[in-house]
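In the text below, chain A, chain B and the rest are named by the order of the sequence lines, each starting its count at 1.
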Protein chains: 2
Amino acid sequence: MERNIRIVMIEDDEIIREGYALLIGQADGYIVVKSYVSFDDAVKTIMDDAPDVILLDIELPGTNGIAAIPKLKKMLPGAHILILTVYESEKQIFEALANGASGYLTKNTPAAKIIESIKEVREGGGPMSVNIARMVIKSFQRNQESPLSKRETQILEQIADGKSRSQIAKDLFIDLETVRSHIKNIYLKLDVNSRADAIRLAKENKLIK
Amino acid sequence: MERNIRIVMIEDDEIIREGYALLIGQADGYIVVKSYVSFDDAVKTIMDDAPDVILLDIELPGTNGIAAIPKLKKMLPGAHILILTVYESEKQIFEALANGASGYLTKNTPAAKIIESIKEVREGGGPMSVNIARMVIKSFQRNQESPLSKRETQILEQIADGKSRSQIAKDLFIDLETVRSHIKNIYLKLDVNSRADAIRLAKENKLIK
DNA sequence: AAATACTCACCCTATTAGGGTGATTAATCC
DNA sequence: GGATTAATCACCCTAATAGGGTGAGTATTT
């Protein structure tokens with residue numbers, strides 16, 4: 001028989017915390033080892049809980065969830081962190097993932113879906129709520145109506161990689177003056193006059209990655 | 001009563017094509033309007049099919065799936081494109097999403113899950129197979145053991161945004177010489193001696209976004 | 001006590017960036 | 001078939017930039 005999956009919750013709202021803990025604990029093979037109201041509260045003893053999965057809220061008293069992620073990863077490198085929050089701002093989602101979260105669920109998620117997500121994350125998946133997945137996929141999508149030509153886009157991407165004109169010329173097997181010419185056209189089209197402005201504008205409008 | 005969801009498949013393998021078409025077509029509210037063996041084959045008449053969702057394979061004779069995406073989006077701006085393929089290479093996944101795919105499923109996906117994904121994508125979701133979601137989430141994660149300090153990371157990110165030393169100094173309210181000092185330390189730690197190399201290495205190792 | 005992080009200072013020079021103006025060829029679009 | 005766009009290259013100019021060297025103070029963390 002397999003070992004139970006050990007789960008720890010960090011969530012300040014008592015009703016949500018106890019409610020989810022109860023429902024998840026009832027599932028076969030899942031055990032909610034402990035629940036904490038904050039990271040600062042959890043930090044003392046969470047290592048003894050030996051969790052496989054940590055359900056983490058973002059809006060917490062004291063250390064917030066985003067900041068807690070790298071600390072938890074350091075203390076428990078093997079544990080998977082699943083964000084469970086009402087917050088859906090792009091910035092928070094991407095920061096949470098950048099910091100090491102393995103999944104991101106919003107709080108309207110039914111317990112059954114959370115249980116499934118815990119299983120999924122243990123199998124190397126990346127569970128996300130439907131709306132989160134949409135935002136994540138959207139973040140990859142480029143603008144289909146770019147004013148820049150293919151060559152110009154390519155050169156602007158190399159500029160964003162920090163390359164100098166001469167490096168770009170060498171890498172693309174074209175003359176330095178040609179590169180200059182392209183850059184001038186890029187600046188003209190984007191109505192800017194510096195690398196920084198061109199990159200900022202191009203990223204804002206998803207013209208480059 | 002609601003209108004049926006109109007689906008078009010582009011898939012060169014006859015068995016997969018006909019099999020999925022049959023199973024999806026049996027579902028209530030879903031109709032597989034037409035199936036094509038390639039994009040080049042589909043391009044002539046697909047606009048008359050008025051699909052809501054296009055199930056698109058990547059490995060196709062003639063125009064491959066990745067290249068077909070922007071063309072399809074241009075012809076049918078309202079249609080959602082779902083990639084359905086055996087390919088799981090990072091590059092292909094990210095290129096497909098960059099080109100405008102709304103979801104990415106691997107071919108072991110059961111028909112029921114595909115039907116669910118079609119519904120999901122119609123509701124603004126971003127359906128992905130478990131392993132795809134993992135790769136996508138992983139692509140956001142930063143290296144937790146960066147040799148760079150916070151300030152150094154911040155400055156390197158600004159360099160990657162194309163800013164000059166003096167611009168960075170102004171934006172961070174520190175002296176130009178301090179910026180220089182940080183950059184020197186960054187180069188020392190990363191063992192490089194140019195912006196381009198620093199950015200490349202930092203991105204390769206996920207030290208910056 | 002030692003190491004790291006963050007700050008600033010002054011030496012130096014080759015390279016770079018950006019502006020201006022113009023030209024050729026090829027492809028694509030009405 | 002005339003016009004626009006893309007891609008290539010040329011030569012004018014100057015202020016700013018990048019990168020290397022070397023050193024040093026303060027504060028925080030270990």
Side-chain angles (χ1 to χ4, degrees), chain A residues 43 63 67 70-71 74-75 142-202 207-208, chain B residues 43 63 67 70-71 74-75 142-202 207-208:
Chain A
V43 72
T63 310
K71 298 179 200 286
K74 194 164 252 173
M75 289 190 282
R142 305 253 196 100
N143 191 338
Q144 304 282 326
E145 276 117 38
S146 172
L148 304 180
S149 72
K150 273 189 188 178
R151 198 56 148 178
E152 284 159 358
T153 304
Q154 185 185 25
I155 285 174
L156 187 51
E157 259 166 9
Q158 306 225 24
I159 288 178
D161 286 338
K163 292 188 186 175
S164 69
R165 299 164 171 175
S166 51
Q167 275 177 300
I168 295 171
K170 207 177 290 169
D171 292 354
L172 297 183
F173 305 106
I174 54 179
D175 195 276
L176 171 61
E177 281 301 323
T178 307
V179 176
R180 288 209 61 202
S181 176
H182 283 304
I183 293 175
K184 282 173 202 164
N185 281 327
I186 292 168
Y187 287 7
L188 204 66
K189 286 180 178 181
L190 299 185
D191 189 28
V192 297
N193 52 13
S194 73
R195 294 159 95 85
D197 284 343
I199 292 170
R200 187 186 41 71
L201 216 146
L207 309 181
I208 58 171
Chain B
V43 75
T63 310
K71 297 178 200 286
K74 194 164 251 174
M75 290 189 281
R142 306 251 197 102
N143 191 339
Q144 304 283 326
E145 274 118 40
S146 172
L148 304 180
S149 72
K150 274 189 187 179
R151 196 57 147 176
E152 285 159 358
T153 304
Q154 184 185 25
I155 285 174
L156 187 51
E157 259 165 11
Q158 306 227 25
I159 288 178
D161 286 336
K163 292 188 187 175
S164 69
R165 299 164 171 175
S166 50
Q167 275 177 299
I168 296 171
K170 207 176 291 171
D171 292 354
L172 297 184
F173 304 105
I174 54 179
D175 196 275
L176 171 62
E177 280 302 322
T178 307
V179 176
R180 287 208 62 204
S181 175
H182 283 304
I183 294 175
K184 282 172 200 163
N185 281 327
I186 292 168
Y187 287 7
L188 203 67
K189 285 180 176 179
L190 299 185
D191 190 28
V192 297
N193 51 13
S194 74
R195 295 160 94 85
D197 285 343
I199 292 169
R200 188 186 40 70
L201 217 147
L207 308 181
I208 58 171

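- With sequence neighbours excluded, the residues forming a side chain to side chain contact (heavy atoms under 4.5 Å, CB included) with A/Lys71 are A/Phe39, A/Thr63, listed by chain and number.
- For DNA chain D, the outermost nucleotides in 5' to 3' order that have an atom under 4.0 Å from a heavy atom of chain A are D/dA6 to D/dC12.
- The rotation axes computed at either terminus of the helix from C/dA1-D/dT30 to C/dC30-D/dG1 lie 80° apart, taking five pairs at each end and rounding to 10 degrees.
- Among residues two or more places apart in sequence or in another chain, the side chain to side chain contact (heavy atoms under 4.5 Å, CB included) test is passed with A/Ser149 by A/Arg151, A/Glu152.
- A heavy atom lying under 4.0 Å from DNA chain C marks the following residues of residues 183-197 of chain A, by number: A/Lys184, A/Tyr187, A/Asn193, A/Ser194, A/Arg195.
- Taking B/Asn193 as the reference, nothing meets the side-chain hydrogen bond (donor to acceptor under 3.5 Å, both in side chains) condition, with sequence neighbours excluded.
- Salt bridge B/Glu157/B/Lys150: absent, no basic N to carboxylate O contact under 4.0 Å.
- Side-chain N or O atoms of A/Lys189 include none that pairs as donor or acceptor with a backbone N or O of A/Leu148 at under 3.5 Å.
- Nearest-nucleotide positions on DNA chain D place A/Ser181 closer to the 5' end than the other of A/Ser181 and A/Glu177.
- Sorted by residue number, the members of residues 158-176 of chain B with any non-hydrogen atom under 4.0 Å from DNA chain D read B/Ser164, B/Arg165, B/Ser166.
- For the atom pair A/Asp197 CG and A/Ile199 CD1, the distance stands at 9.5 Å (nearest 0.5 Å).
- The shortest distance between side-chain heavy atoms of B/Gln154 and B/Leu172 falls below 4.5 Å.
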What N/O pairs connect the protein and nucleotides 27-30 of chain C at under 3.5 Å? Give each pair on its own line.
none

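- Shown here are the side chain to side chain contact (heavy atoms under 4.5 Å, CB included) partners of B/Gln167, two or more places apart in sequence or in another chain: A/Ala196, B/Lys163, B/Ser164.
- Counting distance only, with no hydrogens placed and no angle test, the side-chain atoms of B/Thr178 and the base atoms of C/dC6 include no donor-acceptor pair under 3.5 Å.
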Practice task
Could you walk me through whether B/Asp171 and B/Gln158 pass the side chain to side chain contact (heavy atoms under 4.5 Å, CB included) test, one step at a time?
Solution key: CA-CA 10 Å; B/Asp171 292 354; B/Gln158 306 227 25; 4.1 Å; yes
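- In this structure, A/Gly162 and B/Arg195 approach most closely via the heavy-atom pair O-CB, 4.1 Å.
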Anything under 3.5 Å between a donor and an acceptor, one on a side chain of residues 175-186 of chain B, the other on a protein residue two or more places apart or in another chain? List them.
from: B/Asp175; atom 1: OD1; to: B/Glu177; atom 2: N; distance (Å): 2.7
from: B/Asn185; atom 1: ND2; to: B/Ser181; atom 2: O; distance (Å): 3.4

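- A/Ala198 is linked by a side chain to side chain contact (heavy atoms under 4.5 Å, CB included) to A/Leu156, A/Tyr187, A/Leu190, A/Val192, counting only residues two or more places apart in sequence or in another chain.
- Of all the residues in residues 147-155 of chain A, A/Ser149, A/Arg151 reach under 4.0 Å from DNA chain D with at least one non-hydrogen atom.
- A heavy-atom distance below 4.5 Å is not found between the side chains of B/Ser146 and B/Ile208.
- The shortest side-chain heavy-atom distance between A/Ile174 and A/Ile168 does not fall under the 4.5 Å cut-off.
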